Amino acid sequence: MGKAVISDSGVRRRLLRALYSGVAYSHNVGMCFMPRHGIRASYKGETGELLICFQCLNIRGSFGDQELSGSISRAPEKLFNRILADAHVPLSKN
């Protein structure tokens, strides 16, 4: 397990766009939920976290005291993996 801190605002925007697009175009949700990706971000003093399972296409998380859940497509997976690989974070085998 590892993490990458994304300080480049352009990369952050690309990640968020990919995440939003993945959620917007999601379908075929499974039930395994073995998340291998996650995002943690802060906005106006609140911290949000999302765990993402590209295997069953589910996301779960929280923002402040709100619980979040939904589905996602595979579309953002390559970008997430490339950013992690560029940060020398080992990727798990799917």
Side-chain angles (χ1 to χ4, degrees):
M1 178 167 44
K3 69 177 183 177
V5 176
I6 309 301
S7 56
D8 183 299
S9 62
V11 174
R12 283 197 305 260
R13 279 192 300 274
R14 285 196 341 254
L15 275 170
L16 286 175
R17 269 190 251 128
L19 177 67
Y20 297 153
S21 177
V23 170
Y25 295 102
S26 63
H27 61 284
N28 295 334
V29 177
M31 299 303 291
C32 72
F33 201 68
M34 297 186 314
R36 293 183 177 93
H37 295 80
I39 292 180
R40 178 182 293 148
S42 296
Y43 180 72
K44 293 186 178 181
E46 296 277 355
T47 298
E49 295 181 333
L50 285 178
L51 297 175
I52 304 165
C53 178
F54 285 113
Q55 187 170 333
C56 70
L57 306 176
N58 278 298
I59 57 175
R60 295 183 192 161
S62 63
F63 184 74
D65 60 355
Q66 294 182 359
E67 296 294 317
L68 308 168
S69 65
S71 59
I72 191 166
S73 74
R74 292 200 195 293
E77 185 176 18
K78 285 183 182 180
L79 175 62
F80 282 42
N81 284 342
R82 187 174 68 237
I83 289 170
L84 290 171
D86 289 349
H88 306 289
V89 174
L91 300 174
S92 67
K93 306 286 184 207
N94 287 350

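Note that these values count all heavy atoms, side chains included, but never hydrogens, waters or copies made by symmetry. Throughout, residue positions are numbered sequentially from 1 according to the sequence presented. Quick caveat, the model's predicted, so the values are computed rather than measured.
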Which atom names give the shortest non-hydrogen contact between [X] and [Y], and what distance separates them?
X     : Y     : value
Gly48 : Phe63 : CA-CD1, 3.6 Å
Cys56 : Cys32 : CB-SG, 3.3 Å
Ala87 : Ala4  : CB-CB, 3.6 Å
Val89 : Lys3  : CG2-O, 3.3 Å

Task: From Ile72, Leu57, Asn58, Val23, residue fulfilling side chain to side chain contact (heavy atoms under 4.5 Å, CB included) relative to Ile52 - done: Ile72

Task: Pairs flagged by salt bridge (Lys or Arg N to Asp or Glu O under 4.0 Å) wherever residues 14-26 is involved - sequence neighbours left out - done: none

- [ ] Return each pair, listed once, that meets salt bridge (Lys or Arg N to Asp or Glu O under 4.0 Å) where at least one residue sits in residues 39-52; pairs must be two or more places apart or across chains.
- [x]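 For residues 39-52, and leaving out neighbouring residues, the salt bridge (Lys or Arg N to Asp or Glu O under 4.0 Å) pairs sorted by first residue read Arg40-Glu49.
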
If hydrophobic clusters are built by linking Ile, Leu, Val, Met, Phe, Trp and Tyr wherever their side-chain heavy atoms come under 4.5 Å apart, do [X] and [Y] end up in the same one?
X     : Y     : result
Leu51 : Tyr20 : no
Leu68 : Phe80 : yes
Ile39 : Val11 : yes

- [ ] Rounded to the nearest 0.5 Å, what's the gap from OG on Ser21 to CG on Leu16? Could you check?
- [x] 12.0 Å

- [ ] Using a 4.5 Å cut-off on heavy atoms from C-beta on, say whether the side chain of Leu19 contacts that of Leu15.
- [x] no

Task: Side chain proximity check, Arg36 to Leu91, heavy atoms < 4.5 angstrom - done: no

- [ ] Could I get the full list of side-chain hydrogen bond (donor to acceptor under 3.5 Å, both in side chains) partners for Ser7, not counting sequence neighbours?
- [x] none

